[in-house]
Chemist: 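Just dropping this structure here.
Ligands are counted one by one from 1 in listed order, and the atoms in each one are counted from 1 as well. Since this is a predicted model, take the numbers as computed values, not measurements.
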Amino acid sequence: MDLRIAFLYPELMNIYGDRGNILTLSRRAGWRGINVRVSKVSIGDEINPDYYDFYFFGGGQDKQQIVVSADLQGRKGDAIREAVERGAVVLSVCGGYQLLGDYYRPFDADDLPGIGLFDAHTDAGHTRYIGNVLIECALPGVGTIVAFENHSGRTYLGKGCSPLGKSLVGGGNNGEDGTEGACYKTAYGCYLHGSLLPKNPRFADLLLSQALARRHGPVELAPLDDRLELAAQAQAASRTRETH
Ligand code: GLN
């Protein structure tokens with residue numbers, strides 16, 4: 001089996017350890033003998049909606065989101081939406097998540113159009129949500145997720161998508177409705193930096209098995225020894241609870 005990963009805008013949208021998600025997926029696949037190919041897809045690059053199994057879209061400051069939003073309009077955005085309709089998996093974090101919605105309204109600049117993959121919109125607020133977070137994930141078999149957030153954006157979900165989970169500690173989508181992130185088919189958005197996947201192996205394996213299933217059919221991943229990952233998750237979770 002092999003896995004094709006598209007790393008979207010790595011030089012522009014990659015903060016607070018986001019690249020660690022690509023490393024984690026590559027390692028967890030490699031430990032199961034799965035070949036992984038990571039391709040950087042950036043400004044002006046074309047996307048064939050049938051080629052990649054997994055898309056990663058990290059976070060970025062408003063300044064970077066301006067150029068990325070412009071590049072996503074038209075064929076690029078259409079291709080990403082089409083890829084999801086054909087079973088590709090997307091993990092998007094913060095600034096990337098915001099640009100996969102309908103629009104991001106920065107605090108003091110013009111609206112940045114998104115691609116409407118998620119039925120959601122984001123308005124920047126006066127204050128930033130910064131700190132360690134704890135989520136109860138809505139996806140089967142994942143449970144608790146620990147991570148870090150740093151965003152001014154408040155994201156509001158429409159009926160066309162569902163939350164990734166419930167925010168137990170942290171601002172989550174908007175600091176109001178207790179939700180965190182968004183899910184539409186196998187596309188996921190969240191405010192979860194850190195990086196997210198190293199300390200959340202069950203979520204990593206869910207994404208991996210869904211991405212492999214696109215070309216290889218249903219996949220039963222061989223179990224890994226995740227004692228270290230789960231110990232790190234438990235330690236981060238207890239520290240986050242204590243400090244809130
Ligand atoms: N610029 C966006 C915001 O402030 C996203 C920040 C991020 O990706 N961490 O909300």
Chemist: Answer with yes or no whether G60 contacts ligand 1, where contact means a heavy atom under 4.0 Å from a ligand atom.
Modeler: yes

Chemist: Pull out every atom of ligand 1 sitting under 4.0 Å from any heavy atom of Q65, numbered as shown with elements.
Modeler: 1 (N), 2 (C), 5 (C)

Chemist: Output the list of atoms in ligand 1 that are nearer than 4.0 Å to some heavy atom of Y104, sorted by atom number.
Modeler: 1 (N), 2 (C), 3 (C), 4 (O), 10 (O)

Chemist: Relative to the heavy atoms of H151, which atoms of ligand 1 are at a distance of less than 4.0 Å?
Modeler: 4 (O), 10 (O)

Chemist: Give the atoms of ligand 1, by number and element, whose distance to some non-hydrogen atom of C94 is under 4.0 Å.
Modeler: 5 (C), 6 (C), 7 (C), 8 (O), 9 (N)

Chemist: I'd like to know whether ligand 1 has Q98 as a neighbour, heavy-atom separation below 4.0 Å.
Modeler: yes

Chemist: Pull out every atom of ligand 1 sitting under 4.0 Å from any heavy atom of G59, numbered as shown with elements.
Modeler: 8 (O)

Chemist: Mind checking whether Y191 and Y129 have ring centres under 6.0 Å apart?
Modeler: no

Chemist: With a cutoff of 4.0 Å, is Y16 in contact with ligand 1, counting heavy atoms of the residue only?
Modeler: yes

Chemist: With a 4.0 Å cut-off on heavy atoms, is E149 in contact with ligand 1?
Modeler: no

Chemist: Output the list of atoms in ligand 1 that are nearer than 4.0 Å to some heavy atom of N150, sorted by atom number.
Modeler: 6 (C), 7 (C), 9 (N)

Chemist: Please name all residues satisfying salt bridge (Lys or Arg N to Asp or Glu O under 4.0 Å) with D226, sequence neighbours left out, ordered by chain then number.
Modeler: R28

Chemist: Is it true that the side chains of D62 and Y104 contain a donor and an acceptor less than 3.5 Å apart?
Modeler: yes

Chemist: What do you reckon, does Y97 put a non-hydrogen atom under 4.0 Å from ligand 1?
Modeler: no

Chemist: Return the set of residues passing ring-ring contact (aromatic ring centres under 6.0 Å, His included) with F54 (not counting sequence neighbours), or none when no residue passes.
Modeler: none

Chemist: How long is the straight-line distance from OG1 of T186 back to CG of L206, given to the nearest 0.5 Å?
Modeler: 10.0 Å

